[in-house]
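This report concerns only the one structure given below.
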Amino acid sequence: MSENVVHLHKPTDPPTDDAAPTVLTVVPDAPPAAPVPLWVRSGRAVKTVVTHETTKTTARAVARHGLYTFNGGRIVARRAWDGKTGARYERMIRTAEAAGNLEAAEEWEERLQRFRAARHHRRMDLLHSPVEAAKGIAVGTGVGIGVLVALGVVMAINNHDARDVITPLRATIEFIALLIRIVQVVWGPALTIGPFLALLALWTVGSKQQAAPQWALPDNVRNSEGEPITPSIVVKALRDLGVPALRNAIKEMGDAGASMLGPIRIAGCGVEVDVTLPSGVATNEVQAKRRKLAENLTRHEHEVFITIPEAARTVRLWIADSGALDEPIGPSPLVTDETMTANYKTGKAPWGQDLRGDAAAISLYQRHLLVTGLSNQGKTAALRALALWLALDRNVQFWIADLKGIGDWAVFEGIAKMLIEGPSDDHCIQATEMVEDAVEEMNRRIEAQRRDPSIVFPPLIVLVDEAQKAFMCPAKGEDKRPYGGSKATSRYFMAVREIHNQGRAVDVLMWQGTQDPTDQNLPKLVREGAHTRASLVVGTESQAEMALGAKAVNAGAAPHLLRQGLDKGTLVVASDGIDIPAGQSSITVRTHFIDDEPAAEIAARAKALRDGVATLRAVDRGEERDALADVAAVLGDAPRLRTNEVLKRLHALDPSTYGDQWTNDRLKSLLEEHGEEPKKSHGVMVVHRDHVLRALAHRDAEGSASAAE
């Protein structure tokens, strides 16, 4: 028999054929791992314990509360020292001297002298007080005993018992003995508890002042995006701005710069504080470091606004609550209040909210308007919100050219007497001719007012949205004059200038919305002719100056520091028609957004206030007008209108055709020619819509019969 051989070692060249014997290899066990030394295990355990979040939290809590108590003691000691000495007055004197305010320094020096005189008087009184106190105690004791004995005599007489004479005196002595026993009982525990109560009081003072390093504060305070604004935080932020003169002046001030600050006032969703800068520091040095100041205050740049009030060497800081400016402001009152009406002369349009959270309303009375900014930032919405409010005054007329042409102004169909929509050169030409017609209307009003100063005209708002297209239009008329441009030959430019110059006197007002302003698409003379100038976010400081003027920008207006895409609808406004804080030249407004559907509802309310307005969709030129059809068009849905109103509407429809030569007699002759005539209603001549339509139908029937013959 054959036996299988089992090799206990691994052969160098093991057989590879199938008949090869099975080889069993014995692998020895791995040696056991060396034990971890005790000191290593102890170190790891200590590290785990030390670095554990619970340990860190506990350590911070211990350090925080210990420092609250220690620093609370420092605060109390300093308050006591200030109350007993003239240290407070000396600090204020040094501060006033460092700020260059000699009058304040003299006033504080006088207060210090009065304090020292009063303190000296009190100390001199202490020299005589022991004798006076001894006399007072002796006299008081004698009088007290006498009163008690007299009371005892009265009791003895009343009770017929001579022993009652000393009863009050004995009762008083027993009461005093009781008080002594109470003190003896309480004194021991009081000595034990008293220090703990004192430490608790010091801890309370320190905790209220957050008198601990930043690392020791709780997580919700330490990791918050914006810590509460306190005087010390503001001064520290100013000190670290990198302005050497400011830093040195704060170091020299005895109160560490606190006297520079006015009261920190709650202002809407933030706080406001006035800072009086020391001598040698200009306001523009602080303005130029807005980003650094904001970051020093643990805020984003857009959450800090720096303006220049009337007071010399003063900057006004408005600091938002962290994240507050990213919250919506709510719907417009135009949407929520269906009973709201408008008054062009005395009312104010609800436009939005200022940074304080107060309602921002603007007067539009006799003010030309310019709204500018980058594309898609809310310019049209801001303009339309004002127009929708003003449309609720039935006397206001609108001529509108929307050179974007995507339907933003379509809701004004039936409100505006002219509505041009489209981005082409033809639409720009029509917009130019519309503005030129407004110039003619303005001149007609001026002439009529010259003849009759008492005449009052309805307000006419000439509104051009995306006006930069009109300024940049390359087309030329038959006279070779360009429609666009910024020269004296430009038709649109000159028409706008004429309205700016004289339109306000007869309530012909120019409203323009334009984007990305430059000297080419928004000439200097045009932008400076607007009484109300508002800017959304723009790209550069030079564009901000174009939009609002150099004065407003130098005083702190900063639309170029708004965030594109994030601050949609936020406007910086320079106007005397809106309430601006004293000393400032502009105000930042977060406007209400009115969407298309609520805008249509507001427009419907405006239409209901009017007698029917036929909206002309284009400005026709070179065509003979159909007077009877135009009369029917201006009547709209009104069953009848006064002849004077019909003439006014005809003139608004085409001033060149229906000018001064069109009178009541001319209108009467037109209707009589077609078998109708104006009739009186309640003593006033009116034109009936049914009569005009009947005349049109009769004329069309006659035309059809003539064609058939």
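Positions are given from 1 along the sequence.
Residues Lys345 and Asp393 form no side-chain contact, since every pair of their non-hydrogen atoms from C-beta on lies 4.5 Å or further apart. Contact of the Asp354 side chain with the Trp318 side chain is not registered, since no non-hydrogen atoms from C-beta on lie closer than 4.5 Å. With a 4.5 Å cut-off on side-chain heavy atoms, Pro278 and Leu246 count as touching. Between Trp409 and Leu383, the closest side-chain pair of non-hydrogen atoms falls below 4.5 Å. Inter-residue side-chain proximity for Glu601 and Arg605 is flagged as unmet; no heavy-atom pair is nearer than 4.5 Å. Between Glu528 and Arg533 the shortest side-chain heavy-atom distance falls below 4.5 Å. Put simply, the side chain of Leu374 does not reach to within 4.5 Å of the side chain of Leu536, judged on heavy atoms. Looking at heavy atoms from C-beta onward, Ser585 lies out of side-chain contact with Ile580 at the 4.5 angstrom threshold.
Counting only distance, with no hydrogens or angles, the side chain of Arg497 and the backbone of Leu525 share a donor-acceptor pair below 3.5 Å. Within the 3.5 Å criterion, the main-chain N or O of Gly72 finds no donor-acceptor partner in the side chain of Arg74. For the pair Asp337 (side chain) and Pro333 (backbone), a donor-acceptor distance under 3.5 Å is absent. Between the side chain of Gln377 and the main chain of Ser375, a donor-acceptor pair closer than 3.5 Å is present. A distance-only check finds a donor-acceptor pair linking the side chain of Thr591 to the backbone of Gly569 [under 3.5 Å]. Thr372 places a side-chain N or O within 3.5 Å of a backbone atom of Thr514 that can act as its donor or acceptor partner. At distances below 3.5 Å, at least one donor-acceptor pair connects side-chain atoms of Trp351 with backbone N or O atoms of Ala382.
Rounding to the nearest 0.5 Å gives a distance of 8.5 Å between CG of Leu388 and OG of Ser332. Here the straight-line distance linking atom CG of Leu317 with atom CD of Glu272 works out to 9.0 Å at 0.5 Å rounding. In this structure, OG1 on Thr380 lies 3.5 Å from NZ on Lys404, to the nearest 0.5 angstrom. Within the model, atoms CG of Leu403 and CZ of Phe471 stand 11.0 Å from one another, a figure rounded to the nearest 0.5 Å. Here the straight-line distance linking atom OG1 of Thr230 with atom CD1 of Ile264 works out to 6.5 Å at 0.5 Å rounding. Atom CG of Asp579 and atom CD1 of Ile587 lie 7.5 Å apart (nearest 0.5 Å).
At most 12 non-hydrogen atoms from other residues, nucleotides or ligands lie less than 6.0 angstrom from CD1 of Ile266. Heavy atoms of other residues, nucleotides or ligands lying less than 6.0 angstrom from NZ of Lys236 number 12 at most. Residue-environment remark: CZ (Arg291) stays at or below the threshold of 12 foreign heavy atoms within 6.0 Å.
For the pair Leu293 and Ala237, the tightest heavy-atom approach, listed with the atom from each and the gap, is CD1-CB, 3.8 Å. Closest heavy-atom contact between Gly529 and His500: CA-ND1, 3.6 Å. Residues Trp389 and Asn343 come closest through the heavy atom pair CH2-O, 3.5 Å. Thr314 and Asp274 make their closest contact through CG2-CB, 4.1 Å (heavy atoms, listed as atom of the first residue, atom of the second, distance). Residues Val573 and Ala534 come closest through the heavy atom pair CG2-CB, 4.1 Å. Here the shortest heavy-atom pairing between Gln366 and Asp507 reads CG-OD1, 3.1 Å.
Comment: Asp596 engages Arg384 in a salt bridge, judged by a side-chain N to carboxylate O separation of less than 4.0 angstrom. By the 4.0 Å N-to-carboxylate-O rule, Arg527 lies close enough to Asp519 to be salt-bridged with it. The pair Glu285-Lys289 fails the salt-bridge criterion, with no side-chain N (NZ, NE, NH1 or NH2) lying under 4.0 Å from an Asp/Glu carboxylate O. Salt bridge annotation for Lys379-Asp465: present, with a cationic side-chain nitrogen under 4.0 angstrom from a carboxylate oxygen.
Qualifying side chain to side chain donor-acceptor pair (under 3.5 Å) partners for Arg590, counting only residues two or more places apart in sequence or in other chains: none.
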TODO: Could you please spell out the steps behind the side-chain contact (heavy atoms from CB on, under 4.5 Å) verdict for Met260 and Leu238?
DONE: CA-CA 10 Å; Met260 296 192 306; Leu238 292 168; 4.0 Å; yes
- [ ] Start with the C-alpha gap between Met340 and Leu334, add the side-chain angles, then the distance that decides, and say whether side-chain contact (heavy atoms from CB on, under 4.5 Å) holds.
- [x] CA-CA 7 Å; Met340 178 174 284; Leu334 284 172; 3.6 Å; yes
Open item on the list: As a quick check of understanding, evaluate side chain to side chain donor-acceptor pair (under 3.5 Å) for Gln468 and Glu466, giving each step before the final call.
Closed with: CA-CA 5 Å; Gln468 76 279 356; Glu466 304 296 341; 2.7 Å; yes
Open item on the list: Using side-chain contact (heavy atoms from CB on, under 4.5 Å), reason through Leu562 and Thr570 one step at a time and then give a plain yes or no.
Closed with: CA-CA 8 Å; Leu562 296 173; Thr570 299; 4.0 Å; yes
Task: Trace of the side-chain contact (heavy atoms from CB on, under 4.5 Å) decision for Leu509 with Leu364 - done: CA-CA 10 Å; Leu509 302 178; Leu364 304 173; over 6 Å; no
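Judged by the 6.0 Å distance and 45° axis criteria, Arg290 is positioned over the aromatic ring of Phe305.
Under the ring pair (Phe, Tyr, Trp, His ring centres under 6.0 Å) criterion, the residue pairs touching residues 513-557 are His368-His531, with sequence neighbours excluded.
Tested against Ile229, the residues Thr298, Asp321, Val234 include a single side-chain contact (heavy atoms from CB on, under 4.5 Å) partner, Val234.
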